[in-house]
Amino acid sequence: MQDLVYTTENHTSHVLIGESIQNLSKYAPLNRSVIITDHSVHSIYNNQFPDRPCFILGEGEHNKTLSSVSRIYDWFIGNEIDRSHFVIGIGGGIVCDVTGFAASTFMRGLPFGFVSTTLLSQVDASVGGKNGVNYSGYKNMVGTFNQPEFVICDRNMLASLSDAEYTNGLAEIFKHALISDRTMYDNIKANIAKLLNRDSEFLNYVITRSIEIKSDIVSKDEKEKGLRRLLNFGHTLAHAIEKTITISHGKAVGIGIIFASKVSAELELITQKEAEEIEFICNELQIVSEIKVDNSSIKEALHKDKKKSDNTIHYVLLRNIGDAFTEQISYEKLEDYIDALCKYC
Ligand SMILES: NC(=O)c1ccc[n+]([C@@H]2O[C@H](COP(=O)([O-])OP(=O)(O)OC[C@H]3O[C@@H](n4cnc5c(N)ncnc54)[C@H](O)[C@@H]3O)[C@@H](O)[C@H]2O)c1
Ligand SMILES: [Zn+2]
């Protein structure tokens, strides 16, 4: 087990990589804790949960809302929860986001921690202190920056993940390698079969590196004023695609990664051969799929991106494999690139 500590302006958090849910009592005051989870995680793992009151959230993005949070507040009140209590979220990114938001806002903030049960939430969602819910059709539009006390990443719990959910995590892992670790990229390239077969040693390596990369960025820029934007690599196009068609997040990110790499090659930052290799690896990792959507819908969706300021966007490019940076580019330019380079749309 590895205890990775990251510090932000006001907080120190522990990410416990390879820790077991069975050891929750080491990190949370169980006699004053309540649990938030979802139906699937509850049905598979509730025999490993501590015997504490448990709120079971519905699954899917349509449950990541203020009305779910409001039901949790009512449940807190019914259970006489106050600031002396501790809230534990056990689940994937949706449970972690809703738990972090409800705990951060109820009575101006209760301490909280996560048992992160999907690959995506272990390497991404549960680390970094962004706790958001969707609002009026906009993803993560309402939220807080507030760090968890701890995140338990129990690898054993990943065994029950569907291939589709597992793949969503792989896309974020590959993103982390591309933005800041050339060696990790080379290792992924050489060990694709191990990743697809969920080889526990290699998985441990990529999960650990991902968490190190993300927590390092978050420690330096908790509130996304600059550096943290690098984590959006591949996500500008991915979010536009997700707004336009039904597609898994991982596959949308895969398409976004390929596109951003091609733009980087077009600007002669990386070579065409490197962009082709990135595309090849995305295909091997099964984080892309053929989609049928017209460019005009994608472009329309792009404009709804909440990160837009004026008519430009902070777009993440590769200076090299393992070295990303952001460049402010106009939407018009990005749209030109979509027309020229995006073979999926
Ligand atoms: N806060 C952040 O910084 C951040 C970063 C990335 C993503 N996110 C958010 O995370 C969410 C996506 O998270 P996700 O991909 O974990 O999805 P999710 O939470 O919807 O979980 C996916 C599905 O897997 C099931 N599941 C969870 N753990 C399981 C297990 N161990 N075995 C079997 N099934 C299991 C869940 O019940 C659910 O049906 C999105 O809402 C996204 O916005 C947040
Ligand atoms: Zn993502």
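Computed from a predicted model, the values in this text were never measured in an experiment. Throughout, residue positions are numbered sequentially from 1 according to the sequence presented. Order of appearance sets the numbers: ligands from 1, and atoms from 1 within every ligand.
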Near [X], which atoms of ligand 1 are under 4.0 Å from a heavy atom of that residue?
X: Lys130; result: 1 (N), 2 (C), 3 (O)
X: Glu59; result: 37 (O), 38 (C), 39 (O)
X: Thr118; result: 14 (P), 16 (O), 21 (O), 27 (C), 28 (N)
X: Gly93; result: 10 (O), 11 (C), 13 (O), 14 (P), 16 (O), 19 (O)
X: Thr117; result: 27 (C), 28 (N), 29 (C), 30 (C), 31 (N)
X: Lys214; result: 3 (O)
X: Lys64; result: 9 (C), 40 (C), 41 (O), 42 (C), 43 (O)

[X] N/O under 3.5 Å from ligand 1 N/O:
X: Glu61; result: yes
X: Ile94; result: yes
X: Val41; result: no
X: Asp38; result: yes

Find out whether the Lys NZ or Arg CZ of Lys333 is both under 6.0 angstrom from the six-membered ring centre of Tyr337 and within 45° of the ring's axis. yes
So which of the N, O or S atoms of Glu172 lies nearest the Zn ion (ligand 2)? OE2
For residues Lys175 and Ile257, determine if any side-chain heavy atom of one lies less than 4.5 Å from a side-chain heavy atom of the other. yes
Say whether [X] and [Y], considering side chains only, have a donor N or O and an acceptor N or O under 3.5 Å apart.
X: Asp294; Y: Ser297; result: yes
X: Gln328; Y: Thr312; result: yes
X: Tyr45; Y: Thr37; result: no
X: Tyr166; Y: Gln286; result: no
X: Ser84; Y: Asp82; result: yes
X: Asn131; Y: Thr144; result: yes

Applying side chain to side chain donor-acceptor pair (under 3.5 Å), run through Asn204 and Arg155 and close with a yes or a no. CA-CA 8 Å; Asn204 185 45; Arg155 263 193 314 285; 2.8 Å; yes
Which segment of [X] sits under 4.0 Å of ligand 1 when only heavy atoms are counted:
X: Asp97; value: side chain
X: Glu172; value: neither
X: Leu158; value: neither

Angle at the Zn ion (ligand 2): provide the value between NE2 of His249 and NE2 of His235, rounding to 10 degrees. 100°
Using atom types as modelled and distance alone, determine if a side-chain donor or acceptor of Asn46 lies under 3.5 Å from a backbone N or O of Phe49. no
Within less than 2.8 Å of the Zn ion (ligand 2), any N, O or S from Asp124? no
Same apolar cluster: Val206 and Met157, side chain cutoff 4.5 Å: no
